[in-house]
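Worksheet: one structure, shown below.
Numbered from 1 within each chain, the chains take letters A, B, ... in sequence-line order.
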Amino acid sequence: MPKIAQVIVDVPAMQTDRPFDYLIPASWEAIIAPGMRVEVPFGSRQIQGFVINIVEKTAFQDQLKAIIGVMDLAPVLSTELLLLSNDMVKQTFAFKISCLQAMLPSMMRAKYEKHLTVIDELTEAEQFELFKGKDSMTWKEAESRNLLPLLAKLKKEDKIEISYEVVNKARVKKIKMVKPLLTFEQMEEEKEACQKRAPKQALVLSFLQSLLIEEKDSSSVALQKEANVTSAVLKQMAKKNWLAFYEKEAYRNPYQDRVFKKTQAMPLTSQQQQVITPILAAVNTSKNETFLLKGVTGSGKTEVYLQTISKVVALGQQAIMLVPEIALTPQMVERFKGRFGEAVAVLHSGLSEGEKYDEWRKIERGEAKIVVGARSAVFAPFQNLGVIIVDEEHESTYKQEDNPRYHARDIAIWRGQYHDCPVILGSATPSLESRARAQKKVYTLLELTERVNQQQLPEVEIIDMKDELKAGNRSSFAMSLQNKIRGRIAKGEQTVLLLNRRGYSSFIMCRDCGFVLGCPNCDISLTLHMDTKTMKCHYCGHEEGIPRECPSCHGHHIRYYGTGTQKVEEELLSVIPEARVIRMDVDTTRKKGAHEKLLAAFEQGEADILLGTQMIAKGLDFPNITLVGVLNADTALGLPDFRAGEKTFQLLTQVSGRPGRGTIKGEVVVQTFNPEHYAIQLAKEHDYDRFYAHEMMLRHRGKYPPYYYTVLITTSHQNEIEAAKKIQKVIEEIKPQLSEQTIILGPTPKSIAKVNNRYYYQCILKYKNEPNLFDILHQIIQSSQGEIAKGLYLSVDPEPLSFM
DNA sequence: AGCACGCCGACT
DNA sequence: GTCGGCGTGCTC
């Protein structure tokens, strides 16, 4: 009896979101296993798919097709990850194929190529003009050369054939190695013999001799460099059988030329000791337990992580360390590489696709025991996990913004349960959700309240910008902040200035008629970009020139509103001309590596002031920074977002941890128009507990998370009425199936109601206990299938980051 | 998602 | 008559 493989095909659509059965050819029966990628015929195409199961019988009535290719020699997805994908589908409403692909480096996603091949004699003219004398070409080429109509005719005459090819992008990098074939003595002889006629070869021979002594081979490139010879010399020597070339698999190593200083475990403070004890107990007994490690900035959370991982590795297990993308700085990597060396794999968005693939392979082959990485590293293919750490667990970047909308924290906890290992959620400002779970003893709360070295937390001064305005200061810098900056420059100390850009953009407005330039496709004003001298839409990418006159009243009094980093920099230099400023924002850090370069320059003392957006709030541990200024603490507070207070508190606490890590006590200046706001006041007091209590009270009153679970349902259509009608229909369908306590907010148009010429409507469900809700939502999505063709879209986002 | 199949209007 | 427009339904 031939075996049958159940395959999830690479077609992200509702109708194909189920397994398809295929025959396994006898020759592959021993090879094909669940978790492997295969190539299968699907309709008239050939596509990639994942084997999720192998069975004896099929329920399919017609003749099964057979698998036509295997793309892996061993499964790329373990039983565990296949199992996890089932739960992911239920939780995120995404297609199974999307979930499976999210678990692998993007390089393993198939690329498809369509080919046109000649199968019958063409006229000479056709052969030459269309195919340039060859007998096949890619569809892409035909398309770009506008040949499709002509070729369609040939297809009809059966003179050419259309074929499909699945291209596996995943390629291992190979390097050419050199192996000496002579003994030391033979080389010595040959060296003498060719000293005169072939001095280069003699030189290479001496290098080969030293390789022989060290008992290792060299890469061809390295040898050429060392001996300062060309490949021709080596080729010549290979001909004489003095050496041989062979290929070796190599990793693209982004940290190749870096030397990491070895670091040792530091002695723990008594608090750290107290905190690590229960964690190590869980590690030792392979007990699944989720710890919420709440530690003020500088309290040495990282050392606790490092020593926990150290223990895990000693037990022969592996560890995942998740950090938010922006916190994945070279400093962070250095600390892990310094402690664990080659056993660390690093995964972040700065790596090329190939580099990511190689890091993944290192993990898969068991060469790496520890992975440090951003969100998707939670899927690292470890077989025997000993601990999963989610640092800065409150960070919103742990939730993927598009399908599959998974939350890395949830995945970490799932995997922790599967592997019977502890999960550590670490933060100075835990999310309310996690902190509340610790309250209910779902998580074990561990606290670090003291900074190592007994450093004082910096003094935080709050400046009411309304007073500054009254005093006639219309600049972005309060007088006292200016003075403090001057003082630091005089003392040779450094300042960090943070411009909070959340909920803010620079737009232009006509002062005569009040006209604001908006996007023609979206319901939003265009943002001014000084670097390109254009107005851009951040939603659809529309771009146009900066108008000289008002398009509405043709007046010439156009004013720029909002404060971009460029503008602030100009202003700063006009107030303090002697300041040397490094500006960090999306514009100056777009190039690869620019981020690190700017930070390194600042660390070297090449500037007095680092001016930037949120991206500088994290991981800046330079001892010479003694002053941090937050230029606009409250931009988020104006937004209709129930997490605005939490986000503001987190940001201010974050930056308050920055200054004064050296011997000097640091200072923080917070400029705001809302000095009374509890988030700002309590951040000043460094009082998380009171903030938590107050915010929980507000959440309770407003029936928000963590008291309620939430789901955001969105509909969209080119026609506003269709989108509105659909959301209304959805609500009518759901409402009778829900309990009385469940609250339905809306329907309302989204706060940006029109994006890319589509209108968006939404509603929010707030509920405490709805065991059937997810099934109902899956049904709604299912029954909305027919309308997709009409351009009517429906999306479901469980636990959205914001309601906007 | 693609692609074939099928049914209507506009043309050599 | 037939070419090609797009709506419909299927892919093991």
Side-chain angles (χ1 to χ4, degrees), chain A residues 1-26 28-29 32-71 89 93-102 106 108-117 138-140 142-143 146-158 160-167 169 402-404 716-719 722 781-795:
Chain A
M1 268 296 273
K3 292 258 166 103
I4 290 154
Q6 300 195 307
V7 175
I8 299 290
V9 291
D10 182 16
V11 181
M14 195 53 90
Q15 288 154 301
T16 53
D17 193 26
R18 60 187 174 83
F20 286 81
D21 294 349
Y22 287 90
L23 286 173
I24 299 176
W28 285 336
E29 212 163 277
I32 290 178
M36 270 188 192
R37 295 176 304 157
V38 289
E39 199 178 331
V40 291
F42 195 65
S44 57
R45 298 177 291 158
Q46 274 150 226
I47 58 172
Q48 193 184 78
F50 287 88
V51 176
I52 54 158
N53 212 354
I54 291 174
V55 292
E56 305 278 335
K57 269 203 261 179
T58 178
F60 192 62
Q61 301 293 318
D62 298 345
Q63 181 62 43
L64 288 183
K65 289 185 184 174
I67 289 173
I68 50 177
V70 275
M71 305 187 73
V89 165
F93 303 93
F95 304 124
K96 179 98 165 203
I97 186 70
S98 312
C99 294
L100 296 176
Q101 278 172 345
S106 58
M108 292 171 80
R109 213 166 285 175
K111 222 177 70 193
Y112 298 101
E113 267 173 18
K114 216 164 144 184
H115 293 273
L116 298 157
T117 315
T138 63
W139 184 272
K140 247 196 181 147
E143 210 168 25
N146 276 328
L147 300 176
L148 289 181
L150 284 166
L151 291 165
K153 200 165 285 166
L154 292 175
K155 170 80 174 72
K156 208 155 256 169
E157 295 164 14
D158 276 332
I160 59 171
E161 183 184 56
I162 298 171
S163 60
Y164 303 84
E165 201 186 325
V166 181
V167 184
K169 283 187 290 176
D402 37 52
N403 280 328
S716 75
H717 193 268
Q718 297 229 332
N719 179 344
E722 290 299 320
I781 293 174
Q782 199 72 248
S783 64
S784 303
Q785 268 326 96
E787 294 160 322
I788 288 180
K790 294 176 207 146
L792 189 54
Y793 285 89
L794 176 88
S795 96

Quiz item: Are A:Tyr164 and B:dG2 close enough that a side-chain N or O sits under 4.0 Å from OP1 or OP2?
Solution: no
Quiz item: With a non-hydrogen cut-off below 4.0 angstrom, is A:Gln6 in contact with a base, only sugar-phosphate, or nothing?
Solution: nothing
Quiz item: Which one, B:dA1, B:dC3, C:dT11, comes nearest to the side chain of A:Phe42?
Solution: C:dT11
Self-check item: Side-chain heavy atoms of A:Lys65 within contact of A:Val40, under 4.5 Å
Solution: no
Quiz item: Nearest-Å distance, CD1 (A:Ile68) to C1' (C:dT11)?
Solution: 14 Å
Quiz item: Taking all atoms of both residues into account, what is the closest heavy-atom pair of A:Leu64 and A:Tyr22, and its distance?
Solution: CD1-C, 4.4 Å
Self-check item: Atom-to-atom span, OH of A:Tyr793 to P of B:dA1 - whole angstrom
Solution: 6 Å
Practice problem: Find the distance A:Asp10:CG to C:dT11:C1' and express it as a whole number of Å. | Solution: 14 Å
Quiz item: Nearest-Å distance, CD1 (A:Ile47) to C1' (B:dG2)?
Solution: 10 Å
Quiz item: Is the aromatic ring centre of A:Phe20 closer than 5.5 Å to the centre of the six-membered base ring of C:dC12, with the two planes inclined by less than 30°?
Solution: no
Quiz prompt | Phosphate OP1/OP2 of B:dC3: any A:Lys114 side-chain N/O under 4.0 Å | solution = yes
Self-check item: Candidates C:dC12, B:dA1, B:dA4 - which lies nearest the side chain of A:Arg45
Solution: B:dA1
Quiz item: Looking for any heavy atom pair under 4.0 Å, which part of the strands does A:Pro19 touch: base, sugar-phosphate only, or nothing?
Solution: nothing
Practice problem: Measure from CD on A:Gln48 to P on C:dT11 and round the result to the nearest Å. | Solution: 22 Å
Quiz item: Is it true that atom NZ of A:Lys114 has more than 12 heavy atoms of other residues, nucleotides or ligands lying nearer than 6.0 Å?
Solution: yes
Quiz prompt | Atom-to-atom span, CD of A:Gln15 to C1' of C:dC12 - whole angstrom | solution = 15 Å
Exercise. Would you indicate what A:Tyr22 reaches in the nucleic acid, counting non-hydrogen atoms under 4.0 angstrom: base, sugar-phosphate, or nothing?
Key: sugar-phosphate
Quiz item: At their closest point, which heavy atom of A:Leu792 faces which heavy atom of A:Glu722, and how far apart are they?
Solution: CD1-O, 4.0 Å
Practice problem: Quickly work out the A:Lys111 NZ to B:dA1 P distance and round it to whole Å. | Solution: 21 Å
Quiz item: Base, sugar-phosphate, or nothing: which does A:Thr16 touch, judged by heavy atoms less than 4.0 Å apart?
Solution: base
Quiz item: Between atom CD in A:Gln46 and atom C1' in B:dC3, what is the gap in whole Å?
Solution: 14 Å
Quiz prompt | Minimum side-chain heavy-atom gap A:Ile781-A:Leu794 below 4.5 Å | solution = yes
